[in-house]
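Taking it in order: structure first as structure tokens, then the write-up.
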Amino acid sequence: MIESNRQKKIAGVLQNDLANVLQSMLREKGQQGILISVSKVKVTVDLSIAKIYVSVFPPDKAVAIVGELNEVKPHIKHQIAQLTKHQLRKMPDLSFFNDDSLEYIETIDKAVKGAENPIKDPELLPKRKKS
């Protein structure tokens with residue numbers, strides 16, 4: 001489905017403001033060594049729901065961070081609404097998701113470079129095991 005220009009504009013505004021708010025929240029909590037980036041924002045056609053995909057480094061803390069973001073969602077929504085009050089009439093509901101595409105790309109890269117070559121080691125692919 002093709003996104004309208006309005007959806008793209010709202011997604012861009014939300015992505016920029018969310019990145020700033022999430023980074024400031026990390027600084028306030030004193031979380032050292034954790035990096036959050038907002039990789040993608042998708043807004044529904046009726047502009048009522050925004051799906052926010054965040055990348056978390058280190059990846060082992062991603063599930064916990066995304067769970068925590070979904071818990072403090074009303075607080076984040078209020079802060080974003082204050083920042084975008086002159087740009088948006090109605091603030092969409094926020095849903096946070098883990099964007100693991102970087103990990104996926106890394107596993108493909110390892111496979112291509114030969115670190116885990118299924119041709120040389122057929123035990124890596126369960127489908128290829130002979131029974």
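Keep in mind that this is a model prediction, so the values were computed, not measured.
Both M91 and L18 are members of a single hydrophobic cluster when ILVMFWY side chains are connected at heavy-atom separations under 4.5 Å. Using a 4.5 Å cut-off between side-chain heavy atoms of Ile, Leu, Val, Met, Phe, Trp and Tyr, with links allowed through other members, I80 and L26 fall into the same hydrophobic cluster. The hydrophobic clustering, which links ILVMFWY residues whose side-chain heavy atoms are closer than 4.5 Å, places V13 and I49 apart. In the hydrophobic cluster analysis, where Ile, Leu, Val, Met, Phe, Trp and Tyr join through side-chain heavy atoms closer than 4.5 angstrom, F57 is grouped apart from V66. Linking ILVMFWY side-chain heavy atoms closer than 4.5 Å, directly or via other members, places L94 and V63 in two distinct hydrophobic clusters.
Between P92 and L47 there is no side-chain heavy-atom pair separated by less than 4.5 Å. At least one side-chain heavy atom of V54 sits under 4.5 Å from a side-chain heavy atom of L69. L22 is listed as a side-chain neighbour of I76, based on a closest heavy-atom distance under 4.5 Å. By the 4.5 Å heavy-atom criterion applied to side chains, V43 and K51 are not counted as neighbours.
In the displayed structure, K73 atom NZ is contacted under 6.0 Å by more than 12 heavy atoms of other residues, nucleotides or ligands.
A distance-only check finds a donor-acceptor pair linking the side chain of Q15 to the backbone of V38 [under 3.5 Å]. Put simply, the side chain of T84 never gets that close to the backbone of Q87: no donor and acceptor are under 3.5 Å apart.
Heavy-atom minimum distance, Y53 versus D99: CB-CB, 4.0 Å. Shown here for A50 and V41, the closest heavy-atom pair between the two residues is CB-CG1, 4.5 Å.
To the nearest 0.5 Å, the span separating CG on N98 from OG on S55 amounts to 7.5 Å. Of the inter-residue distances, the one linking S4 atom OG with K9 atom NZ reads 9.5 Å to the nearest 0.5 angstrom. To the nearest 0.5 Å, the span separating NZ on K90 from CD1 on I10 amounts to 10.5 Å. Note that CD1 of I52 and OG of S95 are 7.0 Å apart. Values are rounded to the nearest 0.5 Å. A distance of 13.0 Å separates CG in N20 from CE in M25, rounded to the nearest 0.5 Å. The OG atom of S37 sits 6.0 Å away from the CG atom of L35 when rounded to the nearest 0.5 Å.
Using a cut-off of 4.0 Å between Lys/Arg side-chain N and Asp/Glu carboxylate O, D93 and K77 are scored as salt-bridged.
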